[in-house]
Structure formats: structure tokens, C-alpha cells
Amino acid sequence: MNLNKGDSWGSATSLPDDGLVVQSNEDLFKQINAYKRNEKTLPVFGLLGGDLWRTLGGRSDRSRLHKEGAAGVNVDLGCILLDGKIFWFSSHVLIGKKFFGEMILISNVAYYGKMNVAPKAHPGDGRLDVLKIDLNFGQKLKALRRAASGTHVPHPGIRYERVKAEQFDLPKNSCVRIDGQKVGNFSNVSFRIEEQALKVIV
């Protein structure tokens, strides 16, 4: 599904009785991976926090999720294979250190915390946004300050791509964080998009 800015998306609905409410990236990451690893159908998630919630313009009103005025949307899910170990993510994968050396961000959403790091990203467009960042310490600090408004790109030291799938080797074992959670150090990365695989209510 390819969506453009201004396209109609989602519908008015409410969280079903068997839906699950999550309040953070960590909560959603744990629930999704538990269901997927046990080959169970994902429930509908009601979002009250996290970067997918923020990108979708969610509100901090739990009661709203149970009213017909809430918005239900089908969003993409990222799937990543790290040295043979599989994970699923709703928001992003960060490879490398935040301040030193090369860094790669694979994002399904626009936000990483309060930073608009992937301003072209849309969680329902069938693409993952990949930022390959090669900046020195001073340049990274400047880019981080500009990331709040999404004006850190374009930049000659930041390669921005939008892809369905990609595979690459890392120069050495690199720290990987998925939806903000450190999952270990890895050297081989393969990822793809699972289109419209997750339904959420905001």
C-alpha cells in the first residue's frame, strides 16, 4: 500500500474487548515478539505512548480508546534478522553508537523520542526509511539539535533511503537497539517490511 501526504487512512472505531493497551515502545516490542514467536495472531493494540503513537498523533486519553471516535489504522511491521536471530519492530532499529562512529537507523516511524529523525517515514506506506549516518562527534551534536524539527536532512553525511528490504554486513560487531531496547551486538543484518501486519487504535 503506497500512501501519499494527505491520503485518507484509517477509520473511526474502538478498541475491541480482547485488545491490549500499551504505553511505550518497550511494551509494544515485548508483546509483538511474544505473539510472533509463539505463532499467534497479533491482537489489536491500543496505543497510549511510544514512537508509533507519537507519529500517529496519539493522545494520552485511555478512555478515548474505548469510544467509537478513536482511530483504527493498519500499520506496517518491520522484521529483522540479526546473525540468524529474528525480531519484529513497530518503530525503529538503531545500529551503532549514538555519538561515535558510523550509525544506521532503520525506521518505520518519523519519531525517535521527541526527535523527528525520519521526516519522510509513514508507518503505512510499505517502506522502511534507512538513514546511514557518517558524521564526526561535533557534526552529530549539530544534527541531533536539528533533528527535533526534522531539518537535519538532507546532509552530505547522512544517506537517506526508503526500501522494502535490504541486507548488509557491519564492519564489526555493533550494538543494536530495537524500539529502544538493547538486544545485543551483531555483524550481519537483513530486514524487510511486513505490510499492514499490525492494527492499532489511537
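Just so you know, these numbers come straight off a predicted model, no measurement behind them. Hydrogens, waters and symmetry mates are skipped; everything else that's a heavy atom, side chains included, is used. Here, residue 1 is the first one in the sequence, and each next residue gets the next number.
When the side chains of ILVMFWY residues are joined at heavy-atom separations under 4.5 Å, either directly or via intervening members, Tyr112 and Val176 end up in two distinct hydrophobic clusters.
Ile178 pairs with exactly one of Leu82, Asn25, Leu94 by the side-chain contact (heavy atoms from CB on, under 4.5 Å) rule, that one being Leu82. A side-chain contact (heavy atoms from CB on, under 4.5 Å) with Ile32 is found for exactly one of Phe89, Phe87, Phe45, namely Phe45. Each of Val93, Val163, Leu81 was evaluated against Phe191; a single residue qualifies, Val163, per the side-chain contact (heavy atoms from CB on, under 4.5 Å) test.
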* Asked: Is there a side chain to side chain contact (heavy atoms under 4.5 Å, CB included) between Leu198 and Leu52 once you walk through the steps?
  -> CA-CA 11 Å; Leu198 179 67; Leu52 177 59; 4.3 Å; yes
* Asked: Lys120 and Asp129: salt bridge (charged side-chain N to carboxylate O under 4.0 Å, His left out), yes or no, with the steps?
  -> CA-CA 8 Å; Lys120 298 178 184 178; Asp129 289 39; over 6 Å; no
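Few gaps surround CZ on Arg37; more than 12 heavy atoms of other groups in view lie less than 6.0 Å from it.
With no hydrogens or angles considered, a side-chain donor-acceptor pair links Asp51 and His92 at under 3.5 Å. With hydrogens and angles left out, the side-chain atoms of Asn188 and Asp169 include a donor and acceptor closer than 3.5 Å. Side chain to side chain, Glu194 and Trp88 meet the donor-acceptor criterion of an N or O pair below 3.5 Å.
Scanning both residues, Leu42 and Tyr35, for their nearest heavy atoms gives CD2-CB, 3.6 Å.
The side-chain tip of Lys85 does not point at the ring of Phe186 from less than 6.0 angstrom away and within 45° of straight on. Remark: Lys132 qualifies as a cation-pi partner of Phe168 under the 6.0 Å distance and 45° angle criteria applied to the six-membered ring.
Looking at heavy atoms from C-beta onward, Ile106 lies in side-chain contact with Ile95 at the 4.5 angstrom threshold. By the 4.5 Å heavy-atom criterion applied to side chains, Ile104 and Leu170 are counted as neighbours.
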